[in-house]
Amino acid sequence: MKIAIGNDHAAVELKWELAKYLEGKGHTVLNVGTDTPESMSYAVSGYKVARLVAAGEANAGVLICGTGVGISMAANKVHGIRACVCSEPVTAHLSKLHNNANIVAFGARIVGAETAKAIVDAFLNTQYEGGRHQTRVDMLAEIETTQDLTAAR
Ligand code: RB5
């Protein structure tokens with residue numbers, strides 16, 4: 001798989017560790033995050049990864065900032081992105097299975113490296129279930145494109 005990975009200054013080391021981990025599993029990693037400890041905005045990396053995933057240039061995205069919150073918020077502003085912040089693997093698994101999440105996010109100040117690897121594995125190794133979930137995922141897209149939701153009227 002081609003996996004886009006992005007981070008801010010709070011997550012440089014965890015990003016490197018995960019990139020090495022993913023490459024060791026045969027994935028191609030597109031690193032668009034910062035590689036220095038100088039302060040930078042999570043919005044930049046969140047946006048870059050989101051654009052790669054939305055354009056189909058990456059099959060999935062991994063985002064890491066201090067908490068995973070800001071960077072996932074930035075990604076979720078891009079059309080077609082469903083980014084989920086996870087601090088454990090069960091949520092990562094269900095975010096793909098039910099919500100067809102295409103980016104997983106977490107916080108370098110929240111989870112350790114082994115939990116981060118388990119989160120990424122759970123996310124990448126799960127297939128979207130579709131079926132009854134598709135109507136709900138379609139509603140997310142409707143809100144995104146129209147700023148309206150027919151079912152809520
Ligand atoms: C940076 O200090 C921190 O605010 C950022 O990494 C992230 O946690 C924001 O959501």
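Start at 1 and go down the list; that is how both ligands and their atoms are numbered. Note: hydrogens, waters and symmetry copies are ignored here, and every other heavy atom, side chains too, is used. All residue numbers in this chain count up from 1 along the given sequence.
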Got more than 12 heavy atoms from elsewhere within 6.0 Å of [atom1], [X]?
| X | atom1 | result |
| --- | --- | --- |
| K48 | NZ | no |
| R82 | CZ | yes |
| M40 | CE | yes |

Residue pair S45 / V32: nearest heavy atoms and the distance that separates them: OG-O, 4.0 Å
Enumerated ligand 1 atoms positioned under 4.0 Å from heavy atoms of D8: 1 (C), 5 (C), 6 (O)
Ligand-side contact atoms (ligand 1) for residue partner H9, heavy atom cut-off under 4.0 Å: 1 (C), 2 (O)
4.0 Å protein heavy-atom contact status of atom 4 (O) of ligand 1, strictly under: no
M73 touching ligand 1 at heavy-atom level, < 4.0 angstrom: no
Residue part near ligand 1, for T67, under 4.0 Å between non-hydrogen atoms: both
Ignoring angles and geometry beyond distance, decide whether [X] reaches within less than 3.5 Å of ligand 1 through its nitrogen or oxygen atoms.
| X | value |
| --- | --- |
| I71 | no |
| G68 | no |
| Y42 | no |

Candidates L63, N76, I64 - the one meeting side chain to side chain contact (heavy atoms under 4.5 Å, CB included) with I71: L63
For [atom], closest protein heavy-atom neighbour:
| atom | result |
| --- | --- |
| atom 7 (C) of ligand 1 | C65 SG, 3.3 Å |
| atom 2 (O) of ligand 1 | R109 NH1, 3.2 Å |
| atom 10 (O) of ligand 1 | G70 N, 2.9 Å |

Aromatic plane relationship, H133 with Y128 - under 30° parallel, 30 to 60° tilted, over 60° perpendicular: tilted
Report all side-chain donor-acceptor pairs from residues 10-18 shorter than 3.5 Å, counting only partners two or more places apart or in another chain.
{"residue": "K15", "atom": "NZ", "partner": "N7", "partner atom": "OD1", "Å": "2.6"}
{"residue": "K15", "atom": "NZ", "partner": "N31", "partner atom": "OD1", "Å": "3.0"}
{"residue": "K15", "atom": "NZ", "partner": "T34", "partner atom": "O", "Å": "2.9"}
{"residue": "K15", "atom": "NZ", "partner": "D35", "partner atom": "OD1", "Å": "3.0"}
{"residue": "W16", "atom": "NE1", "partner": "D35", "partner atom": "OD1", "Å": "2.9"}
{"residue": "E17", "atom": "OE2", "partner": "K117", "partner atom": "NZ", "Å": "3.0"}

Any donor-acceptor pair under 3.5 Å from K96 side chain to T126 backbone: yes
